[in-house]
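Here is how names work: the chains are called A, B, and so on, in the same order as the sequence lines, proteins then strands, and each is numbered from 1.
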Amino acid sequence: MKWKMLAAAAAAFMTFGVGEALAGRDLDQIRQRGTLRCGVQGPSNPGFGVPDSQGRWGGFNVEICRAIAITIFGDPNRVEFVPVTTQSRFPALSAGEVDVLSNNTTWTLTRDTNVNRFNQPAITFYDGQALMVPRRLNVTSARQLNGATVCVQPGTTTELNIADFFRANNLRFTPVVIADLDEIRRAYDSGRCDVFTNDFAALAAQRTLLTRPADHVILPERLSKEPLAVTLRQGDEELTNIVAWTTFALIDAEELGITQANVEQIATTSTNPVIRRLLGVEGNMGESLGAARPDYVRQIIRTFGNYGEIFERHLGVNTPLGLERGMNNIWTRGGLLYAPPAR
Amino acid sequence: MSATTLPAAPPRGPSFAERATGFLRACFAGPVNSAITLACLGVLWLAVPPFWTWAVTNATLYGTAQDCRAAGGACWAFVREKFWFSIFGLYPFEERWRPATMIVILVAMVVLSTIRRFWGRWLLLGWAVAAPTMWILMQGGVFGLSFVQTRQWGGLTITGIIAVYGLALGYPLAILLALGRRSELTLVRWFCTAIIECVRGVPLISLLFMAAIMLPLFMPQGVTIDRLARVLVAYTLFTAAYMAEVVRGGLQAMPRGQYEAADAIGLSYWKKMRLVILPQALTITIPAQVNTFIGLFKDTTLVVVIGVFDFFTTLRAALGDPNWLGFPTEAYLFAAGVYFLLCFAMSRYSMSLERSLKPGGR
């Protein structure tokens, strides 16, 4: 009995060891299971990942995951959305509860190295700490804020960043420390502080909740860099490639002017070799990536549109969040979105 | 209000007018009482009219978020819009009839179980049939029902499942632990004491975290236990450890004579406990038990840390809907109302149970 158990343990260990050595272990598991497990921010993250009244997930991060599912399976519905919190996201990813995190996780060095060993192959959204002030103050730059009172959450990097910024610019400020974000908003709305600071996207969401959103401006300065990227475990190069090149395809499509409306027409009529390769009309990019079908990009664009269309649908100026493209624009239009060549 | 329902009520109590006059006289008896009464009335005068304006006069019951913002009052339309979502959570929309049926069965079973006349073998049998039926109904995968992962269960449904299953499984376990802790067998006593102290010594939130996040890290690759099952085990253990101490209090409150009398008529240990000690010990601890029950019921909201969308979390998720941003007060009031109703029902039931179980009170 003892020997049998030992042998079983050894066998289990060996299969585990072999699995470790092969690339594509996670991808194999995803294919075998038939669904991609995608961690999204719970309970909800306005514009990025929110369940609607019928319990269906929608939002920017959600559609990124669905696009990845199209690349893997050719089917946007083969995703299980797993809500994670900021505390549980990394253990959930490490333990294999989720395959990828699409929940506004910032790409940092220690998340790439250290004990975590995550990959964050492509940036999906450039965020950064921003400052909001009432329009009546006539302030156009954060450097004019000497002596301002600032509402911040205690114990956050937000609090440290703002202290650094004011010190570096030889400015004084009075912090008003409030733990709860809703309370901070009320305090700012009632004029207890001149400045409301948070990450840009979150700040824009908070602005919609003010009594008169149009009376407040978000200043152009960014006090921190928060490049948000889909996060996955290291050790599966194939899955990493799929995540990266699915994101790049969305960006490329926008740069090339391919939209949900014209993708079919472009695919059949375009003579541009770059477009023909991207949409799988010629070449074998889909095959070398390990996509379910050669025209996976065409299917993604047909289903969700390009990066810009997804952005405008969930975060853009015509949504309650009302975000300008800013840094999240194509590089040819002054933004930072720049995809490596797909060839 | 309960004076008329008391079985031992006097044949003719004071009339309503007499009681009202008595109450008013007490309110203004002496300068201190009068001052307190006036201060209270002042606070009510300041608080109630604005609340009424917000919650009723300017409220919006039908319409969109824009209508709500235009009206300026409470947005009950938001609660109406998200009501069914708060009941069923992330459960697939087309399959919502399944959790709906499950809730009906669950409520029916709980109501039946509260009626003393039905206590007995048949009720246990009913639970033995209902519990797996409800689980199969929810999870599917057989009888042509599509498979729905437990991670998609949510809303008030999951709050009900965790509370009822956790309390129902934890209660017998608690009695065993309490008996074990007072056992004369050293090993049993040590074992039960260790479980109680270890589980009680950590917060529920870390126990849930261990069950949901840490446990899979120690499991061999590919072996997974369902997350909800792990949560239920953690919650059941927690319930058992807390209840065990309440039950132990009851056991210790029993006079020695009861134990000795039961021994004297030659009852075995289990018969002594089942027929003599436990019925009395459990009855005298009902207030403490219900207190613990209510606390544990509200603790179910902590499952949010491991990504389970219970009733409260579902409402918080609804707050993030871009089309309905900015109505947290309405959502929290609704949640408070639901929790209050459920806890109040538990408390009233326990009081009626206490009365009917009192010696000579039948």
Donor-acceptor contacts, no H, no angles, side chain residues 71-81 of chain B, under 3.5 Å, sequence neighbours left out:
unit_1	atom_1	unit_2	atom_2	d
B:W76	NE1	B:A55	O	2.9
B:R80	NH1	B:L61	O	3.2
B:E81	OE2	A:S53	OG	2.6

Practice task
Would you mind reporting whether B:L228 and B:W153 have side-chain heavy atoms less than 4.5 Å apart?
Solution key: yes
Exercise for the section: Check each atom of A:Q206 against the heavy atoms of chain B and say whether the ones under 4.5 Å are side chain, backbone, both or neither. Expected result: neither
Practice task
Tell me, for B:Q152 versus chain A, whether the close heavy atoms (under 4.5 Å) come from the side chain, the backbone, both or neither.
Solution key: neither
Fill in the blank from the handout: Assert top hit (heavy-atom pairs under 4.5 Å, partner chain B, pool A:G47, A:P46, A:G58) equals A:P46
Problem - A:Y188 side-chain N/O to A:L210 backbone N/O, donor-acceptor pair under 3.5 Å - result: no
Practice task
Output every pair passing salt bridge (charged side-chain N to carboxylate O under 4.0 Å, His left out) with a member in residues 41-68 of chain A, not counting sequence neighbours, ordered by first then second residue.
Solution key: A:R56-B:E94, A:E63-A:R313
Exercise for the section: Indicate the ring-plane relationship of A:W57 and A:F81, choosing parallel, tilted or perpendicular according to the 30° and 60° boundaries. Expected result: tilted
Handout entry: Contact origin within B:P92 toward chain A - heavy atom pairs under 4.5 Å
Key = neither
Exercise for the section: Measure distances from B:F209 to the heavy atoms of chain A and classify the residue's part below 4.5 Å as side chain, backbone, both or neither. Expected result: side chain
Handout entry: Heavy-atom pair count under 4.5 Å with chain A, highest-scoring of B:F93, B:W324, B:F327
Key = B:F93
